[in-house]
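Chain letters run A, B, ... following the sequence lines, proteins first and then strands; every chain starts at 1. Bear in mind the structure is a predicted one, so any value in this text is a computation, not a measurement.
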Amino acid sequence: MSDDNGHTLTAKDFRTDQEVRWCPGCGDYAILAAMQSFMPELGIARENTVFVSGIGCAARFPYYMNTYGMHSIHGRAPAIATGLATTRPDLSVWVVTGDGDALSIGGNHLIHALRRNINFKILLFNNRIYGLTKGQYSPTSELGKVTKSTPMGSLDWPFNPISLAIGAEATFVGRAIDTDKKGMTEVLRAAAEHRGSAFVEIFQNCPIFNDDAFEFVRDDKEGVNRIALHHGEPITWGADGEKALRQLPDGTIEVCAASEDGVLVHDSSHTEPSLAFALSRVTQGTHGGTPVGVFRNVERAVYDDLMAEQLRVAEKKRGKGDLAKLLHSGETWVVS
Amino acid sequence: MSDDNGHTLTAKDFRTDQEVRWCPGCGDYAILAAMQSFMPELGIARENTVFVSGIGCAARFPYYMNTYGMHSIHGRAPAIATGLATTRPDLSVWVVTGDGDALSIGGNHLIHALRRNINFKILLFNNRIYGLTKGQYSPTSELGKVTKSTPMGSLDWPFNPISLAIGAEATFVGRAIDTDKKGMTEVLRAAAEHRGSAFVEIFQNCPIFNDDAFEFVRDDKEGVNRIALHHGEPITWGADGEKALRQLPDGTIEVCAASEDGVLVHDSSHTEPSLAFALSRVTQGTHGGTPVGVFRNVERAVYDDLMAEQLRVAEKKRGKGDLAKLLHSGETWVVS
Amino acid sequence: MGIKPVEQLSQVIVRFAGDSGDGMQLTGSQFTSEAALLGNDISTLPDFPAEIRAPAGSLPGVSGFQLHFADHDILTPGDAPNVLVAMNPAALKTNLADLPKGGTLIVDADAFTDRNLQKAGYAQSPLEDGSLDEYQLHPVPLTTLTVGALKDVEGVTPREAERSKNMFSLGLMSWLYGRSIDPTIAFLEEKFAAKRPEIYQANVKALQAGYAFGETTESFAVTYEVKPAKLTPGRYRNITGNQALSLGLVASSRLSGLPLFLGAYPITPASSILEELADYKEFGVRTFQAEDEIAAAGAAVGAAFGGALAITTSAGPGVVLKAETVGLAIMLELPLVICDIQRAGPSTGMPTKPEQGDLLMVLYGRNSESPVPVVAARSPSDCFDAAIEACRIALKYRTPVYLLSDAYLANGSEPWLLPELETLPDLTPTFATEPNAGDEFLPYLRDEQTLARPWAVPGTPGLEHRIGGLEKADRTGNISYDPDNHDLMTRLRAQKVAGIASDIPELEVDDPDGDAKVLVLGWGGTYGPVAAAARRVRERGKPVAHAHLRHLNPLPRNTGDVLRRYEKVLVPEMNLGQLLQLVRAQFLVDAAGYNQVRGVPLRAAELADAIEALVDSE
Amino acid sequence: MGIKPVEQLSQVIVRFAGDSGDGMQLTGSQFTSEAALLGNDISTLPDFPAEIRAPAGSLPGVSGFQLHFADHDILTPGDAPNVLVAMNPAALKTNLADLPKGGTLIVDADAFTDRNLQKAGYAQSPLEDGSLDEYQLHPVPLTTLTVGALKDVEGVTPREAERSKNMFSLGLMSWLYGRSIDPTIAFLEEKFAAKRPEIYQANVKALQAGYAFGETTESFAVTYEVKPAKLTPGRYRNITGNQALSLGLVASSRLSGLPLFLGAYPITPASSILEELADYKEFGVRTFQAEDEIAAAGAAVGAAFGGALAITTSAGPGVVLKAETVGLAIMLELPLVICDIQRAGPSTGMPTKPEQGDLLMVLYGRNSESPVPVVAARSPSDCFDAAIEACRIALKYRTPVYLLSDAYLANGSEPWLLPELETLPDLTPTFATEPNAGDEFLPYLRDEQTLARPWAVPGTPGLEHRIGGLEKADRTGNISYDPDNHDLMTRLRAQKVAGIASDIPELEVDDPDGDAKVLVLGWGGTYGPVAAAARRVRERGKPVAHAHLRHLNPLPRNTGDVLRRYEKVLVPEMNLGQLLQLVRAQFLVDAAGYNQVRGVPLRAAELADAIEALVDSE
Ligand SMILES: Cc1ncc(C[n+]2csc(CCOP(=O)(O)OP(=O)(O)O)c2C)c(N)n1
Ligand SMILES: Cc1ncc(C[n+]2csc(CCOP(=O)(O)OP(=O)(O)O)c2C)c(N)n1
Ligand code: SF4
Ligand code: SF4
Ligand SMILES: [Mg+2]
Ligand SMILES: [Mg+2]
């Protein structure tokens with residue numbers, strides 16, 4: 001597809017000359033490749049695309065995307081991107097972050113960006129570990145995890161990033177898997193099309209410090225563990241599509257046979273986030289399946305647009321700002 | 001009731017000699033009074049009780065409680081209380097915070113304390129405004145709010161503190177109203193009995209900068225707006241208890257007649273938070289009623305207890321730490 | 001009751017003090033307007049109560065406003081008032097100590113009730129126990145008189161009527177000093193006439209009644225006149241520091257042609273900059289009230305990357321949180337102005353009180369060698385120029401710049417000679433638009449003169465590049481761990497900032513006769529009292545030189561020469577000696593400090609004595 | 001192939017360099033153990049690659065470990081190696097520049113494949129193009145030899161066999177320097193024998209094969225011996241700075257009788273303190289991995305309020321975030337130790353590299369006047385004592401204390417003479433248990449001597465009180481906005497910290513003959529190279545004095561006297577002159593700086609030349 005300047009872009013155009021410095025086998029490679037393949041589809045010129053990241057292995061990402069980019073400081077990428085996106089609505093802004101970067105030190109910026117619905121896309125590479133600092137547990141590590149900093153096991157109940165994002169009023173929430181290029185591209189596409197903040201959790205394998213954390217869905221050849229969410233379709237899965245999800249009167253979700261009554265039809269555009277939230281509680285451990293795809297995708301006024309609109313209205317009402325007049329406003333007097 | 005030292009305590013024992021410095025009519029007075037009346041009931045000696053706050057009008061609270069107390073820095077009270085609670089499991093620790101303090105600058109500490117389930121109680125005085133800094137909008141202010149810092153109206157979609165807390169894996173979530181001493185006491189009692197983090201949002205009127213923000217439930221003489229949640233009871237309300245809540249198959253909640261089928265029976269102890277989350281979306285604006293009481297109250301391992309347990313286990317396995325042995329551990333050699 | 005004699009005064013200092021709810025700030029600023037319009041030079045100092053509205057009548061609830069007006073140019077709001085207007089016992093209690101014996105004291109006699117006396121901690125009424133004998137006491141039943149004057153105004157509640165007593169006192173003071181109340185009537189009209197005509201009426205009536213009371217009462221035998229001052233001709237406007245700073249930022253946006261982006265989180269005494277700027281949307285100003293100070297600074301860095309004029313504002317406890325982000329901006333070499341409206345600390349300290357405690361913090365409060373220019377404003381109106389200068393340096397050198405003001409400048413006001421737009425500097429930056437090394441773009445190839453790197457904003461085709469907080473290779477900006485490169489880059493960053501010395505004016509010394517042996521060196525918000533003190537010393541026939549720093553980093557290139565020219569150097573500061581440490585270290589000059597950390601502006605009289613003692617010593 | 005001649009050496013510096021996956025850190029530390037057990041004095045310097053594991057064979061992926069061992073006491077890991085073991089072309093490329101001409105160079109010839117050469121940027125093999133002619137080159141087919149030696153070990157994959165080549169090289173080096181491989185065998189047994197016996201076997205076989213290869217090959221004609229050093233008698237252990245610091249904290253907990261609480265957020269190079277301490281749970285140590293550095297510091301303040309020995313650890317980019325919380329602790333006057341393991345900056349900088357860039361930050365990086373004591377460690381083992389000293393000051397004076405270490409001390413190691421427990425100080429604090437003013441408890445009533453306020457912990461009946469970040473009235477601790485009180489409290493806080501000068505040792509000067517004209521003044525982690533440089537200068541017959549600061553605030557009370565005793569003062573630092581600024585400002589001494597900001601330790605040889613030049617000048 002050609003970009004807004006008429007250039008035909010390919011994945012190669014999005015590669016930089018920097019040597020990629022992740023460990024062999026790191027899931028980040030697959031995400032990078034998927035992203036580079038996907039970008040041309042957007043038809044946005046490279047110079048109008050910006051990747052902003054924090055610190056972490058994941059946060060190296062911008063160095064490898066031949067667009068504008070900033071590898072900023074730990075946890076602050078959503079804040080930085082907020083300033084960029086609100087002043088430059090012409091840009092396509094992407095935030096790349098890790099589970100530590102986004103949910104530990106950066107948790108507050110993340111939830112505020114989501115509630116504000118700032119127009120950028122947040123890709124959270126979740127490997128359930130601190131990779132860059134060599135293997136301490138993260139806010140998504142499972143309870144009891146033995147890591148360098150928790151020799152007897154971690155004590156903190158983990159965040160469910162999808163639940164957290166929905167609780168923080170996110171308008172777009174999705175999940176993808178590093179090795180699932182097709183699924184990831186679908187989610188990325190929907191995220192890119194969404195005006196406002198889009199939050200995408202990507203399960204990412206860290207073979208060095210937390211190998212196989214997501215093996216159940218990464219390598220789900222038989223398709224027995226991935227529950228693909230598609231808007232408007234019944235939520236079913238299993239080798240033969242025989243399993244399905246259904247909601248109980250107590251608000252929770254149970255597994256049933258696809259043939260049974262009351263199978264949930266996925267509605268990612270429902271204004272009320274309750275069902276998306278309930279779906280976020282469906283996990284491999286509790287339900288024997290893991291939803292991937294778009295949980296929630298609703299329209300809501302976008303912070304940046306509202307701001308631009310206020311500027312327009314103010315100018316319309318008061319006229320374009322006149323500096324001389326401004327300085328002379330209020331009570332003035334002349335000394336001669 | 002007498003405390004653990006056998007003293008009989010009254011509300012008066014919990015007053016300090018400091019002049020209370022809130023504006024006339026501020027909702028904080030009622031909360032303070034309710035709290036001072038409630039404390040004796042707990043039977044905890046004053047010296048074993050600590051109030052920790054951040055900065056804001058609400059955060060002045062500790063000065064007026066004749067217990068140990070710390071008026072700390074903006075947003076950090078949950079972090080500070082974490083250190084206190086984990087090292088001193090013998091204390092009853094309370095965090096008092098405002099909507100700006102807890103949800104703006106302190107949002108990250110709040111959600112992390114909740115997921116960790118640290119053993120302290122968080123009282124969030126929500127007046128939907130920054131009181132102390134004289135009237136800027138807060139993260140709970142409604143969209144479009146005109147304040148000093150938003151002359152044309154605020155642009156950010158607000159947090160729903162209850163939804164956010166549930167999304168952050170909170171084990172106890174409640175809501176009370178400053179003027180409703182009885183209801184507040186009930187929630188405080190349940191919070192105090194809960195081992196782990198208890199999060200209580202208290203609607204608080206700021207007559208100076210955001211008067212009447214909660215008038216619909218504060219002054220709900222006819223009982224038409226407050227939906228009182230009681231565990232194990234059907235969720236009904238209205239002047240004659242004629243209205244009720246019911247869940248739709250799409251996960252959302254609708255209002256129905258109390259006499260209809262399928263009226264929700266409140267189950268605050270359900271391990272799955274989905275229904276509590278759905279209830280958090282019931283608001284005056286959307287449903288014509290506002291739930292108050294305990295949304296969620298479940299048991300989960302408490303960070304502080306787990307930590308104490310690890311210390312016990314380590315000591316049991318390795319023996320009480322012997323400093324000389326520790327220093328001499330590893331390979332040593334003698335120079336003579 | 002004929003016309004009373006008029007006594008000429010060259011200057012008067014009036015302080016209004018009352019309960020937070022008594023409208024003292026409004027009274028003071030209206031009296032200020034009247035004085036300004038009359039052509040006096042003026043200087044004001046509001047004194048807010050502690051940040052929470054304390055209960056009515058209590059000591060912590062007292063709010064004050066001091067105005068100094070004169071027939072000559074003045075430098076400070078004055079150390080001590082000549083006239084104190086106290087609306088209740090608490091106001092009297094907290095302010096009396098500042099009134100010199102013999103001073104004029106006007107009190108609302110009605111407010112001296114038992115309850116109010118008790119709240120203020122008076123065992124008996126000071127109006128009756130003779131304790132005020134040494135003052136010219138005027139107990140006026142302000143409340144009764146006001147309520148009486150308003151009895152015919154319809155639609156006004158008794159409480160509202162009572163609350164108009166501030167206008168009564170303003171009327172009385174206007175009469176006493178021969179000021180016209182017309183500007184205040186005009187002000188009241190604009191403020192209330194449309195929305196609440198009855199309040200408008202009540203206020204005007206009270207104002208007029210106060211004026212008339214002055215004319216008729218026996219209590220005041222003379223009135224006073226303070227002639228207009230001979231100020232530089234031109235159009236003036238009364239302005240506070242935070243207003244001037246905000247206007248300076250808007251002006252910089254226009255002068256640079258860049259849209260202004262402000263990331264801020266409310267905090268006393270900086271909040272009003274956010275509030276001011278939020279109201280300039282027709283200037284394309286974007287204000288972002290962030291979730292905290294870190295996000296505020298971060299968003300500003302993002303905006304700077306996108307090509308905006310990026311600003312973040314706060315006070316000490318918030319500025320400290322921005323340090324990591326400023327460190328990033330230093331590494332990214334992007335323009336950013338961080339405004340620190342200093343307040344008394346440490347920690348939360350005394351939020352409404354001024355201090356100069358943050359100088360060393362802004363210079364050094366970041367990990368590792370992270371040099372940054374620092375600019376400080378000297379007076380309320382000077383905040384305008386200081387803001388433009390901070391923006392100029394930031395944009396030209398692609399660097400974060402700290403702009404220091406304080407709680408006193410922020411809220412204090414003075415007449416501001418409005419600048420001609422043409423005299424303001426052109427701040428237009430050059431954005432990179434094409435490769436700068438063959439057909440390559442090197443984001444860290446520096447301008448030879450300024451050492452600034454190119455600013456290539458997203459949207460510019462062909463210049464796509466990535467920057468970040470890791471050490472970067474010279475020229476290419478790629479990540480580098482090379483030891484020599486790090487040493488080089490560290491020195492380059494330092495040199496870039498140090499080099500600004502050649503782009504700022506030399507330090508000017510005010511040494512009228514050139515015979516001074518003592519130099520007083522000040523910076524920032526103490527300009528007024530320091531200059532006033534120097535003036536007093538000279539009036540006593542003693543020579544003293546005075547110099548004042550706008551640039552704290554780098555220091556003007558002649559600073560060392562200037563300091564070494566004098567036998568003694570005194571550095572007055574509202575801290576424990578921060579500039580002092582800098583000049584001693586840089587120039588090995590045995591300068592001494594004059595340090596007060598009282599949360600109130602330095603007092604010129606005390607400082608003058610200290611200077612004189614130094615001049616006299618040996 | 002009889003017994004080869006043995007040459008005596010007084011010291012050797014060996015550097016192992018290879019790919020991140022080559023196990024160079026393990027090889028180096030095992031060789032260190034062997035040297036230590038043999039009684040040599042040792043000093044080591046690991047050099048980690050950039051923080052991400054770069055692709056195998058790439059330049060950024062090179063990991064190094066340098067060991068200096070000697071028959072006398074040594075001070076540094078050495079400027080330049082005598083022997084370089086390079087496991088691949090990238091390792092050769094990045095390290096060769098440091099090897100002096102004539103040095104011994106051992107390379108794995110098998111690794112010089114086309115692919116690897118290309119990754120390292122070699123156009124042709126340096127083994128063949130004569131470019132290494134000036135070195136004593138030993139190309140050994142390490143991989144082939146290792147794989148060959150292991151062909152009989154069952155259960156080992158080819159990859160695992162290959163990866164044992166580090167043990168082969170260790171065996172070879174052990175033979176070359178006459179070290180016994182028994183300790184390494186014991187280590188391997190403990191590490192692998194139970195879990196993976198085949199790996200244990202493979203490693204031991206490789207080790208032995210390397211040793212045997214040395215004996216048999218023609219390649220090496222002589223072996224070397226480095227005799228044991230004459231060290232202070234006692235029991236030793238090899239220790240890194242972060243280990244020693246951790247142990248110092250645990251010891252302080254025992255010595256004070258207070259439970260240790262650590263609030264930390266992972267960051268290079270501080271993380272390993274958190275990891276160490278997490279493993280001492282049987283000592284009652286609580287480690288809290290917080291959501292960020294602010295929470296980590298905040299939790300520590302909460303723990304301190306509750307009566308714990310509260311610690312927070314980080315590196316510059318994280319320490320900067322703790323500043324606001326430290327300001328609170330200063331106001332609360334509660335004990336807290338903030339460990340800053342300095343790394344190269346600014347911003348993210350070079351995370352694994354050392355620097356001394358944070359001194360001014362920890363001193364001044366907070367809003368307003370917020371004085372705080374600062375203690376710095378001088379060597380890896382000294383981190384133990386420095387930690388105890390920091391805890392002592394914090395507990396006794398109820399104040400936050402910064403403890404400075406750096407990336408070099410953190411990971412470098414040296415033998416540590418284990419202290420006798422009885423020689424360690426008693427740190428037991430006195431908690432307030434009853435009213436201190438009649439039947440009132442005044443939380444800010446100070447100890448006359450230390451000016452410390454009482455520490456009354458929750459749970460103490462009758463002492464309930466509230467503290468906070470607002471300015472507090474003297475003695476009572478109530479909120480106060482009184483100007484004179486603020487001035488007083490500001491000065492009291494400053495005096496409390498300044499007064500610690502009477503409680504720390506005087507600055508000792510090493511001036512053996514008392515005839516030096518030049519003083520070299522160092523601080524912190526540069527002790528080794530600075531002392532070594534001074535020694536070298538003296539060996540050249542030139543007198544020079546050397547003093548080293550453990551306490552950076554307050555400075556020892558005799559510091560000014562010491563400095564003024566010398567004609568010239570040189571201050572070597574790994575920054576642009578931070579201590580230099582302090583001593584110039586405080587003592588007006590025209591000291592000069594020797595500054596390198598290269599992210600690597602100062603080199604003693606270069607520094608010695610600079611000192612000598614200064615001694616010789618004039
Ligand atoms: C202020 C600050 N604190 C801590 C660090 C150290 N640090 C760098 S990355 C990281 C965590 C990385 O984890 P995550 O975000 O999950 O990324 P990953 O490496 O796993 O991709 C930490 C703690 C830092 N660079 N800056
Ligand atoms: C680091 C820091 N930033 C900002 C402030 C200023 N500040 C004090 S309280 C407050 C907000 C208070 O709002 P809220 O928490 O809702 O409390 P309320 O006053 O409404 O009870 C702010 C912004 C501060 N004290 N410290
Ligand atoms: S440490 Fe883990 S996340 Fe980081 S680059 Fe290596 S494999 Fe990837
Ligand atoms: S400003 Fe509002 S919240 Fe604060 S004390 Fe006054 S009424 Fe209460
Ligand atoms: Mg991670
Ligand atoms: Mg509030």
If contact means a heavy atom pair closer than 4.5 Å, which residues of residues 156-169 of chain B contact chain A?
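Within residues 156-169 of chain B, the residues that come under 4.5 Å of chain A (heavy atoms only) are B/D156, B/W157, B/P158, B/F159, B/N160, B/S163, B/L164, B/I166, B/G167, B/A168, B/E169.
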Q: Applying salt bridge (Lys or Arg N to Asp or Glu O under 4.0 Å), name anything that partners A/K243, two or more places apart in sequence or on another chain.
A: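 For A/K243 there are no salt bridge (Lys or Arg N to Asp or Glu O under 4.0 Å) partners, ignoring immediate neighbours.
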Which bit of [X] comes within less than 4.5 Å of chain A, counting heavy atoms only: side chain, backbone, both or neither?
| X | answer |
| --- | --- |
| B/H270 | side chain |
| B/A314 | both |
| B/I118 | neither |

Between A/Q310, A/R115, A/M152, which has the largest tally of heavy atom pairs under 4.5 Å with chain B?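 With the most close heavy-atom pairs to chain B, the winner is A/R115.
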Practice item. Heavy-atom pairs under 4.5 Å with chain B are the metric here; pick the option from A/E309, A/M307, A/H109, A/R300 that has the most. Key: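 Between A/E309, A/M307, A/H109, A/R300, the count favours A/R300.
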Please check: side-chain N/O of A/N108 versus main-chain N/O of B/S104, any donor-acceptor pairing under 3.5 Å?
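Flag set: sc A/N108 to bb B/S104 pair under 3.5 Å.
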Check: Does A/E142 CD have over 12 foreign heavy atoms under 6.0 Å away?
Finding: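 Yes, the 6.0 Å shell around CD holds more than 12 heavy atoms from other groups.
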TODO: Pick whichever of B/L155, B/L103, B/L110 has the most heavy-atom pairs under 4.5 Å with chain A.
DONE: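 Counting heavy-atom pairs under 4.5 Å, the top option is B/L155.
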- chain B contact residues among residues 245-261 of chain A, heavy-atom distance under 4.5 Å: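 The residues closer than 4.5 Å to chain B, in numerical order, are A/Q247, A/L248, A/P249, A/D250, A/G251, A/T252.
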(message) Suppose a student defines contact as a heavy atom less than 4.5 Å from any heavy atom of chain B. Which residues in residues 271-281 of chain A would they list?
(response)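 The list, in residue order, reads A/E272, A/P273, A/S274, A/L275, A/F277, A/A278, A/R281.
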